[in-house]
> 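One structure, pasted below without further comment.
Only this structure's heavy atoms are used, side chains among them; waters, hydrogens and symmetry mates stay out.
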Amino acid sequence: PVPAPETAPVPAAGAPVAAAAPAEGFVPLPLPQVSPRPARSLLAQPEPPVTAVDGFDPVRVMEELKAVREMILELNEKVDERDKLKGIPRSLQAVYKTLVRNQVEEKLALRVVQGARQRLADGNGGDEEAERAACCQVIEGLLRKPRPIELTLGRPRVVAMVGPTGVGKTTTIAKLAANFHLLEKKQVGLITIDTYRIAAVEQLKTYAEIIGVVVEVVFHPQELREAIDRLHDCDIIFIDTAGRSPRNEPQISELAEFMGIAAPDEIILVLQANAYYEDLLDVYRRFSAVRIDKLVFTKLDESDRWGTILDVVHRTRTPLAYVTTGQNVPDDIEVPDTGYLARMMVGEGTPA
């Protein structure tokens, strides 16, 4: 019989296992030495910073490219301006640049100096004083004749003031009311529909008490016609409206509802002279929903760059009625002197 193979005894659970003895004649080879690797983060590692290589600095190169680009744009602007002013005397070119600095739109400023050049075609070219005078004449023509409020015989003249918040509508109405009542001896009535701000109502009531005129407070559109009828003995009635955000369509629609019931003889948009032309034009477009007959520019005392007045009047074809130059009531309001405005725009004189 074949003897059964010998088997190694199975160690008990948990007992240490002895390493097997190497076979006779076996020589173990040395294991390679491996450095332990540091643990790698699972988070993205930042890119190594870009550094200059052999004198090449990418950051400096990008800055230089940006400077070159700005230089090219500036040169292109100068070339475009030179082309626009080609054939225009240098003295008139200087007036053009003054107009642009005073916020007159470039195309309109170019039209002014070109118009002046045509006026001087008979031989006054080269006379700087005559050239500036010619520019002023062109500007006066573009501003057109101001149109202040004119009373209507036999019935009250109803005038509404509209505009965005903070332009000075209530103060402007107080100035006009004081001038009509105290200086021209006319009967004046005031109506406010600016019931959103208690302070605005109290302000107009205070002005009315000082001036000695009647004021009506209206909360709803249907009440407005009744208030106008109660003031039928007045020569002129001013309606003070709430300052409206021109981008708030519901507010503009509500204002249009009030104006539809009031049916005023004229609606005057109040704008501030120290605002940007694009913003003023946007305000005009949005308030056009209620019809605009005339313009009042306020806060001329807060800016000496009045070119935006020319821009808006020319672009909208809407006449000026008044300008204001401060907060004093009844002073600091006047029918604009277009000659003075023009001289200011071409750089002659200083604000009064």
> Determine, using the 4.5 Å side-chain heavy-atom cutoff (strictly less than), whether F287 and Y276 are members of one ILVMFWY cluster.
no
> With a 3.5 Å cut-off and no angle check, do the side chains of T318 and Y284 form a donor-acceptor pair?
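The answer is yes; a qualifying pair exists.
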> Step by step, would you call V329 with I210 a side-chain contact (heavy atoms from CB on, under 4.5 Å)?
CA-CA 10 Å; V329 177; I210 294 172; over 6 Å; no
> Evaluate the side-chain proximity of P319 to K145: yes if any heavy-atom separation is below 4.5 Å, no if none is.
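Not touching, per the 4.5 Å side-chain cut-off.
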> Considering non-hydrogen atoms only, spot the tightest contact between P156 and H232 and give its length.
CD-O, 3.7 Å
> Hydrophobic clustering (ILVMFWY, side-chain heavy atoms < 4.5 Å, transitive) - are Y207 and L231 grouped together?
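Unlinked, L231 and Y207 end up in two clusters.
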> Which heavy atom of D265 sits nearest a heavy atom of D293, and at what distance?
O-OD2, 4.2 Å
> Above 12 or not: heavy atoms from other molecules or residues under 6.0 Å from CD of E184?
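Yes, CD of E184 has more than 12 neighbouring heavy atoms, counting only those of other groups under 6.0 Å.
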> Which of these, N102, V104, T338, sits in a side chain to side chain contact (heavy atoms under 4.5 Å, CB included) with L310?
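The option that passes is V104.
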> Tell me whether V290 is reachable from I237 by hopping between hydrophobic residues (I, L, V, M, F, W, Y) whose side-chain heavy atoms are closer than 4.5 Å.
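Yes, I237 and V290 fall within the same hydrophobic cluster.
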> Once rounded to the nearest 0.5 Å, what's the spacing between atom CD1 of I191 and atom CD of E226?
11.0 Å
> Please walk me through it: do F238 and I149 pass side-chain contact (heavy atoms from CB on, under 4.5 Å)?
CA-CA 11 Å; F238 289 104; I149 297 170; 3.7 Å; yes
> Evaluate the side-chain contact (heavy atoms from CB on, under 4.5 Å) criterion for residues L190 and I211: first the C-alpha distance (whole Å), next the side-chain angles of each, then the deciding distance (0.1 Å), finally the verdict.
CA-CA 11 Å; L190 303 180; I211 298 168; 5.7 Å; no
> Decide whether F180 and V214 are clustered together by the hydrophobic rule: side chain heavy atoms of Ile, Leu, Val, Met, Phe, Trp, Tyr closer than 4.5 Å, transitively.
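Not linked; separate clusters.
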> side-chain contact (heavy atoms from CB on, under 4.5 Å) for T324 and D332? Distances and angles first, verdict last.
CA-CA 5 Å; T324 73; D332 296 342; 5.5 Å; no
> If you take all heavy atoms of V218 and L224, which pair is closest and at what distance?
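The answer is CG1-N, 3.8 Å.
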> Of all the heavy-atom pairs spanning V138 and G115, show the shortest one and how long it is.
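Smallest heavy-atom distance, with atoms named: CG2-C, 3.8 Å.
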> Please name all residues satisfying salt bridge (Lys or Arg N to Asp or Glu O under 4.0 Å) with E266, sequence neighbours left out, ordered by chain then number.
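Counting only residues at least two positions away or on another chain, E266 forms a salt bridge (Lys or Arg N to Asp or Glu O under 4.0 Å) with R157, K294.
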> Within a strict 4.5 Å, meaning less than it, do heavy atoms of the V346 and L99 side chains meet?
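Contact flag for V346/L99 side chains = yes.
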> Under a 3.5 Å threshold, yes or no: a donor from one side chain and an acceptor from the other, between R285 and S288?
no
> Do other residues, nucleotides or ligands put more than 12 heavy atoms under 6.0 Å from the CZ atom of R147?
no
